[in-house]
Amino acid sequence: MVRRVRGLSDRAIAWIFVTPTILLLLAINIYPLVWTVYLSFTNYRANRPNREIEWVGTRNYERILSDEGVWENLQRTAHFVTFTMLFQVLLGFGLALLLHKRFKGHGLWTTLILLPMMLSPAVVGMYWKYLFDPQIGIFNYLINGIWDFGTFSMTSEVALAPWAIIIVDTWMWTPYIMLLCLAGLRSVPDYLYEAAEIDRASTWRKFWNITLPMVLPFLMLAVMFRAIENFKMFDLVFELTSGGPGNTTRLASIDLKELAFDRWQTGRSSALAIILFVTVFGAMNVFVKLMNRVKAR
Amino acid sequence: MRRFALFTSAATMALTASVASAQDSITVGWAAWDPANALVELSQDFTEQTGIEVEFVFIPWPNFTAEVFNELNAGGDTFDVLIGDSQWIGAGAELGHYVQLNDFFDANGISMDDFLPATVYSYSTWPKGEPNYWALPAMGDALAWTYRRDWFERFGDEFEAEYGYPLDVPETWDQLKDIGEFFQGREIDGQTVYGMAINTERGSEGITMGVTAAMYAWGMEYDNPDNPYEMEGYFNAENVVEALEFYRELYECCTPPGWADAYMQENLDAYTSGQVAMQMNWYAFFPGISRHPDVGPVTGFFSNPGQEVDAATLGGQGMSVVGYSDNQDEALQYLAWFAQPEVQQRWWDLGGYSVHNDVLFSDEFLDSAVYAQGFLDSMQIVQDFWQEPAYADLMLAMQEHIHNYVVAGEGTAQEALDATIQEWQEIFEDEGIL
C-alpha cells in the first residue's frame, strides 16, 4: 500500500541510490580505463593535442616489452616489493606479538609505533633524505658509531640505494602490518589456548597450530594491500632518490611518470600503464584465491 | 525611482570599473629564483607608467618545465607573458604556444640588432637562425664558476709546490681538476672541504647542463653542420668521449660525498656553506653570491674554462607572449616597455641579466660587477642543447644515459653516447624528421 502511494517500487528506489555511484564509477574509473586502453594503441602525445592521432596497432606494446630498461625496472620493483613485504611481515608480526601482551605503557608504545604510517610518504622521503645525508645525517653517524665504515652514502651508492628505499618503506609501513596482525591476535578465542594448555602443548606448538593459522588471513590481507601499494610506489622513492643513482631505484611507477608527463609519450605510457595494471590485477587475483583457500581451512 | 536609478548607475559604474581593473593586469610566469625578485621590483615601474598591474607565478625549477607545459598543452590562459627556457622555443613556436613577434617588433621599432647576436639566435628565433622571432631576449645566462679567493690565496704556495704552477683561476679543465683534487678532503679551519660542486641531477636537465660545459670545451657538435641530424661520428666522436670520461673523473675525484643528484640549489648550498672550493652554476645566482655575508667578500668568479676551444653552456630565457592569453595587448605593452634601453639598464642594475647592447657595451658595464667581464665573454661563446619541439624527450634521453655512466658507473662513455644517439634517432623518427 505504501509502495503504491509513493509510486516507486523497491527496485526503483534501489536504482536511485545506486545510480549515482555507478555513474561516478563510470566517469572516474571505467571511462579513463577504456580511454587508456584506446590510447595505448595510438601514437597520441598529450603535448600535441592538434596532431592527428594515428592507430599504431600493438607497436607500443612491442616496444615496451622489448625494452630491456622496462624489464630492469620491473625487476627492481619486484625486488622492492619482495623485500619490503618480507621485512614488514617479520617485524610487523613480531611487534604485534609483543604488543599483544599487556604491559605498562602499552598504549603509549602502540601510538608511537603507529606514528610513521600517519605521515605523508613525500614527507617521509624528504625526512629520510636528511637522515641519510653522508655529512650531516644521523643514520651514518649511528652506523659509524657501531661499525666504522667511514664515509658512505645510502642514497648515492649503487649498492646501497635499493636498500635505502626498502629501509624507509619498512620503517613507514611495518606499523600497518602490525596493526592488522594485532587485530588478528585479538580475535583468537582464549579457549583455544586454554585447551592447548590442558593438552600441555609447547609455546611453539601453540603458536604454530593456533596463533599463526588464526592470524594468517589478516596477515595475507595486509600483505595484499601493501604489495599493491608498493607495486605502485612513487612519492616516497621519488623524494628520497628520484630513481637514482643511475637507474638503481627507478621503479615502474617512476618510469611511467617520466614517460607520460615529462616525455609526453602518452600512447606508449598508456601501454605501460595497462601492462602494469594487468600484472598487478593478475597477481592479486592469484593471491585472493590463495587467501580464500587459507580462510576455508 | 530617481534614487533607484542613481543607485543602479553607480552600481553599473562600480562593476565596469572592477571589470576594467581586472582586465588591466597581466600574469608573468617564470622560474622561482633570485632574478625573479628583481623582475618584481622592476615591473613596479611598468605599473606606474601604464596602470597595468603585473602579477607573477614563479615555479620552482624542478617543476618549471612540466608545470608550464601542462598549462600550455591544455591551452590554458594562466600566463600572459612567459619567460621560458631557451630550449622551449621550438615547441613554443610550432605548437602555437607563443605569439610570433615580428610584426609587433617592426611596429614598435624594436630591433633584434640591439641585442647580443648569440642570445637572439638562442632565445628568439625559430627555425634556428631565421628571422622569425618568438621571444624577446630577456635574461642572459651561461654556466660559469665561483671559487674561494681566500683559499686560493692561502694555499697558493702549497699548490704551486705540488703542481708546479701558480694557483689561479683555471684556464683549462685539466687545471680545474688539479685544483679540485688539491682541495678535496682538505681540512680548512677545522672543517673538511671538497674540491667542487658540479651538476649531477638526473630528473630534469642538471647533469646535461653540466656535462655539456665540458663537451663544448672539447669541441663537441651535436650533429653534422652540413647534414643536420646526422649525429653518428659527431656527438659520439673521440673528443666527446674524452670530455665525458673527464666529467666522470671530476665526479669521482672532487665532489662532496653523496653528490649524486645535485643541481643549482645543491651547488649553491654547498658553496655558501663553505663545503667546496669551487662550484659550477648559472650567472643568475652570482649577484646573490656576491652579496652573501659569509662568502660574498671572499668569492671570485670565472667563466667556463676552455680545453680544445672556448665555450660555455647557455642558460637564460626569452620573454614571450602566450598564444592563449586573453590579455595579449597588455602583454605586448609589457614587452615593448621591457625592451627599452633604460629599462634594460635598470634590469641589470637590479640583478637581472640584460643582453641589450647598450647595457653590455656601455662604459660603466665592466666595472658594474665583478662578474661582468666573465658574463660578457661567456655570452659570446655560448652553445645550447637541441631546441626542437621534442626537446624534453631529447633531454631526458641524454639525462638517463649520461647520469647512468657518470654517477652509477654503468658501461663506458662511448656506450653512453652511442645509446643517447640511438634514442635521439628514434625520437627524430617519431617526430618525422628522420
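Predicted model only: the values in this text are computed from it and were never measured. All values below were derived from every heavy atom in this structure, side-chain atoms included, with hydrogens, water molecules and symmetry-related copies excluded. Numbers restart at 1 for each chain; the letters A, B, ... are given by sequence-line order, proteins then strands.
Ring-plane geometry between B/W30 and B/W33 is classed as perpendicular, the angle between the planes exceeding 60 degrees on a 0 to 90 degree scale with a lower cut at 30. Taking the six-membered ring where the residue is Trp, B/W151 and B/F183 present tilted rings, their angle falling between 30° and 60°. Between B/F69 and B/Y391, the angle of the ring planes lies from 30° to 60°, which puts this pair in the tilted group. Between A/W171 and A/W128, the two ring planes are perpendicular [angle over 60°; tilted spans 30° to 60°].
In the displayed structure, A/Y127 atom OH is contacted under 6.0 Å by at most 12 heavy atoms of other residues, nucleotides or ligands. No more than 12 heavy-atom neighbours from other residues, nucleotides or ligands sit within 6.0 angstrom of CH2 on A/W147. Residue-environment remark: CD1 (A/I138) stays at or below the threshold of 12 foreign heavy atoms within 6.0 Å.
With a threshold of 4.5 angstrom between heavy atoms, B/E94 does not approach chain A through any atom at all. The contact between A/S153 and chain B is made entirely by side chain atoms (from C-beta outward), counting heavy-atom distances below 4.5 Å. Proximity to chain A is absent for every atom of B/A91, based on heavy atoms less than 4.5 angstrom apart. Proximity to chain A (any heavy atom under 4.5 Å) is restricted, for B/I427, to the side chain, taken from C-beta onward. Only the side chain of B/Q275 comes within less than 4.5 Å of a heavy atom in chain A; its backbone stays farther off. Looking at A/Q265, only its side chain comes within 4.5 Å of chain B, counting heavy atoms on both sides. When heavy atoms are compared at a cutoff of 4.5 Å, A/P134 approaches chain B solely by way of its side chain, counted from C-beta outward. Of the two parts of B/E67, neither the backbone nor the side chain holds a non-hydrogen atom closer than 4.5 Å to a non-hydrogen atom of chain A. For B/A74, no part lies near chain A; criterion is any non-hydrogen pair under 4.5 Å.
Relative to the six-membered ring of A/F80, A/R76 misses at least one condition, a distance below 6.0 Å or an angle of at most 45° to the axis.
Ranking A/T248, A/T151, A/N247, A/L259 against chain B, the residue ahead of the rest is A/N247, based on heavy-atom pairs under 4.5 Å. For the set B/L394, B/D430, B/I207, B/V406, the count of heavy-atom pairs under 4.5 angstrom toward chain A peaks at B/D430. Chosen from A/W264, A/F261, A/F238, the residue pairing most often with chain B at heavy-atom distances under 4.5 Å is A/W264. In terms of heavy-atom pairs under 4.5 Å with chain A, the best-connected choice from B/M395, B/E410, B/E400 is B/E400. Ranked by heavy-atom pairs under 4.5 Å with chain A, the list B/T192, B/V407, B/L396, B/T200 is led by B/L396. Interface check for chain A: of the options B/A392, B/A390, B/P257, the most heavy-atom pairs under 4.5 Å are formed by B/P257.
Ring pair B/W424/B/F235: centre-to-centre distance below 6.0 Å. A centroid separation of 6.0 Å or more is found between the aromatic rings of B/Y251 and B/W259. Between B/Y271 and B/H292, the gap from one ring centroid to the other reaches at least 6.0 Å. For B/W61 and B/Y263, the ring centers sit 6.0 Å or farther from each other.
Side chains of B/N199 and B/Y247 form a contact here, defined as non-hydrogen atoms less than 4.5 Å apart.
Heavy-atom neighbours of chain B within the stretch residues 59-68 of chain A, taken at a separation under 4.5 angstrom, comprise A/R59, A/R63.
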